[in-house]
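To start, the structure under review is shown below, and the notes come after it.
From a predicted model like this one, the values you see are computed outputs, not experimental measurements.
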Amino acid sequence: MTTIETVSEQRCFGGIQGFYSHASEACGGTMRFAVFMPPAAENGPVPVLWYLAGLTCTAETFTIKAGAQRIAAELGIALVMPDTSPRDTAIEGATGDWEFGEGAGFYLDATEAPWSSRFRMYSYVVDELPRMVAERFALDMSRQGIFGHSMGGHGALTIALRNPGRYRSLSAFAPIVAPASVPWGEKAFPLYLGDDRKAWALHDATQLVRDGARFDGRILIDQGEADGFLTKQLQPQRFEAACEEAGQPLQLRMQPGYDHSYYFIQSFVEDHLRHHAKALAA
């Protein structure tokens with residue numbers, strides 16, 4: 001069993017909000033993550049909902065800013081919040097640019113040196129961290145959901161589409177739905193994955209759906225109409241069109257007046273948790 005170090009634990013809405021660290025094989029160094037265990041976990045394993053955060057964020061961002069614990073406690077759902085990348089990598093160029101490197105792992109396994117030695121967030125989120133938390137916490141791993149914001153919305157969509165049957169529920173806030181075709185991905189993907197666009201397509205939700213990947217259920221996406229990244233980086237209409245053509249159930253809600261911030265996420269996080277709870281209870 002991998003040793004998980006407790007950084008802190010606090011009582012929260014009758015449950016426990018904790019922050020933890022461990023030595024990660026996938027990412028080649030110490031990783032931090034957060035877990036909220038609802039009061040229902042005292043009576044046995046509970047469903048688990050993974051949240052993937054966006055560029056510049058850490059395991060603390062959603063945990064502190066979203067206000068999700070009250071509803072998660074009511075619904076009896078555990079929340080797991082990984083970091084967005086490895087830290088303290090000592091790789092030249094890994095810091096100082098908020099769109100790439102530390103804080104911007106894009107939930108992929110890098111294949112290009114030097115990034116391939118540490119930036120393996122796909123393996124971390126899909127394999128290593130679930131195995132570890134299942135050993136430590138009272139989680140029902142047969143009932144998993146996944147969601148995220150921006151870069152993390154991209155991660156949630158692509159991970160769920162590439163792992164059919166793993167997750168019962170899927171949603172996103174302002175996701176990067178077509179990173180291979182927008183500046184954020186066009187900047188990061190060549191550095192992490194090289195120039196082969198077939199490799200990029202495995203991390204592009206729109207292209208995955210066009211290539212036949214499906215999620216067994218309705219995908220929920222909320223997108224603020226006043227989001228400053230909407231036109232250049234997010235372009236949800238690309239994913240909407242691909243889903244419509246493929247017959248993939250999708251509910252895209254355009255929210256007037258909302259931007260890209262956690263005020264937006266706070267406003268709709270309850271809707272998302274209830275969306276997941278319905279599927280996880282089935």
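Using a 4.5 Å heavy-atom threshold, the side chains of M151 and W184 count as separate. Side-chain contact between L52 and I159 is present, with at least one heavy-atom pair separated by less than 4.5 Å. Using a 4.5 Å heavy-atom threshold, the side chains of D222 and Y258 count as separate. No side-chain heavy atom of F264 sits under 4.5 Å from any side-chain heavy atom of D227. Using a 4.5 Å heavy-atom threshold, the side chains of R136 and T6 count as touching. Side-chain contact between F189 and L108 is present, with at least one heavy-atom pair separated by less than 4.5 Å. In this structure, the side chains of M254 and L230 come closer than 4.5 Å at one or more pairs of heavy atoms. At least one side-chain heavy atom of I265 sits under 4.5 Å from a side-chain heavy atom of Y51.
Ring centroid separation for the pair F33 and W50 does not come in under the 6.0 Å cut-off. Centroid-to-centroid, the aromatic rings of F100 and Y192 come within less than 6.0 Å. In this structure, Y124 has its ring center closer than 6.0 angstrom to the ring center of H22. Between H276 and F147, the ring center distance clears the sub-6.0 Å criterion.
Distance alone, capped at 3.5 Å, places no donor-acceptor pair between the Q17 side chain and the C12 backbone. When atom types are taken as modelled, the side chain of E245 and the backbone of A242 share no donor-acceptor pair closer than 3.5 angstrom. Between the side chain of T84 and the main chain of C57, a donor-acceptor pair closer than 3.5 Å is present. In this structure, the side chain of Q248 engages the main chain of F215 through a donor-acceptor pair within 3.5 Å. Side chain of R87 to backbone of R32: no donor-acceptor contact under 3.5 angstrom is found. Side-chain atoms of H203 never come within 3.5 Å of backbone atoms of G155 as a donor-acceptor pair (strictly under, hydrogens ignored). Put simply, the side chain of R118 gets close to the backbone of G28: a donor and an acceptor are under 3.5 Å apart. Not a single donor-acceptor pair under 3.5 Å links the side chain of D83 to the backbone N or O of M31. Looking at Q233, its side chain never comes within 3.5 Å of a backbone N or O of G185 through a donor-acceptor pair. For Q235 (side chain) and V177 (main-chain N/O), no donor-acceptor pair under 3.5 Å exists by modelled atom type.
Interatomic distance, CG of L157 versus CG of D204, reported as 10.5 Å (0.5 Å rounding). Distance check: F173 CZ to S267 OG gives 9.5 Å after rounding to the nearest 0.5 Å. Here the straight-line distance linking atom NZ of K65 with atom CD of Q266 works out to 9.5 Å at 0.5 Å rounding. Here I219 contributes atom CD1 and L161 contributes atom CG; the two are 5.5 Å apart, rounded to the nearest 0.5 Å. Summarising the geometry, atom CD belonging to E102 is positioned 6.0 Å from atom CG belonging to D88; distances are rounded to the nearest 0.5 Å. Atoms CD1 and CZ, from I16 and F137 in turn, are 10.5 Å apart once rounded to the nearest 0.5 Å.
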Pair T206-S181, side-chain contact (heavy atoms from CB on, under 4.5 Å): steps then yes or no: CA-CA 10 Å; T206 300; S181 302; over 6 Å; no

Stepwise side-chain contact (heavy atoms from CB on, under 4.5 Å) test for Y107 and V125: CA-CA 8 Å; Y107 302 101; V125 169; 4.0 Å; yes

side-chain contact (heavy atoms from CB on, under 4.5 Å) between V80 and V48, worked out: CA-CA 7 Å; V80 181; V48 56; 3.6 Å; yes

Check against side-chain contact (heavy atoms from CB on, under 4.5 Å), I176 and L234: CA-CA 5 Å; I176 309 171; L234 304 177; 3.9 Å; yes

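Pairing each heavy atom of L75 with each of L273, the nearest pair is CD1-O, 3.7 Å. A pairwise comparison of heavy atoms in C27 and M121 identifies SG-SD, 3.9 Å as the closest pair. Pairing each heavy atom of G105 with each of S85, the nearest pair is N-CB, 3.8 Å. The two residues E186 and A180 have their closest heavy-atom pair at CG-O, 3.8 Å. Between D195 and P190, the shortest heavy-atom distance links the atoms OD1-CB, 4.0 Å. Heavy-atom minimum distance, R168 versus L280: NH1-O, 3.6 Å.
Criterion: ILVMFWY side-chain heavy atoms under 4.5 Å apart, direct or through other members. Under it, I146 and M141 are part of a common hydrophobic cluster. Hydrophobic clustering (ILVMFWY, side-chain heavy atoms < 4.5 Å, transitive): F268 and F239 are in distinct clusters. In the hydrophobic clustering of this structure, L250 does not group with L220; members are Ile, Leu, Val, Met, Phe, Trp, Tyr whose side-chain heavy atoms approach within less than 4.5 Å, directly or through other members. Using a 4.5 Å cut-off between side-chain heavy atoms of Ile, Leu, Val, Met, Phe, Trp and Tyr, with links allowed through other members, F106 and L129 fall into the same hydrophobic cluster. Hydrophobic clustering keeps I4 apart from F19 (ILVMFWY residues linked when any side-chain heavy atoms are closer than 4.5 Å, directly or through intermediates).
In the displayed structure, E225 atom CD is contacted under 6.0 Å by more than 12 heavy atoms of other residues, nucleotides or ligands. Counting non-hydrogen atoms of other residues, nucleotides and ligands closer than 6.0 Å to CD of E244 gives a total of 12 or fewer. Counting non-hydrogen atoms of other residues, nucleotides and ligands closer than 6.0 Å to CG of D216 gives a total of 12 or fewer.
With sequence neighbours excluded, no residue forms a salt bridge (charged side-chain N to carboxylate O under 4.0 Å, His left out) with E112. Scanning for side-chain contact (heavy atoms from CB on, under 4.5 Å) contacts around A72 gives F36, L79, with sequence neighbours left out.
Checking H260 against S150 by side-chain atom types alone, a donor-acceptor pair falls below 3.5 Å. At a cut-off of 3.5 Å, with distance as the only test, a side-chain donor of H272 or S171 sits close to an acceptor on the other residue.
A salt bridge is defined here as a Lys NZ or Arg NE, NH1 or NH2 lying under 4.0 Å from an Asp or Glu carboxylate O, and E270 with R274 meets this definition.
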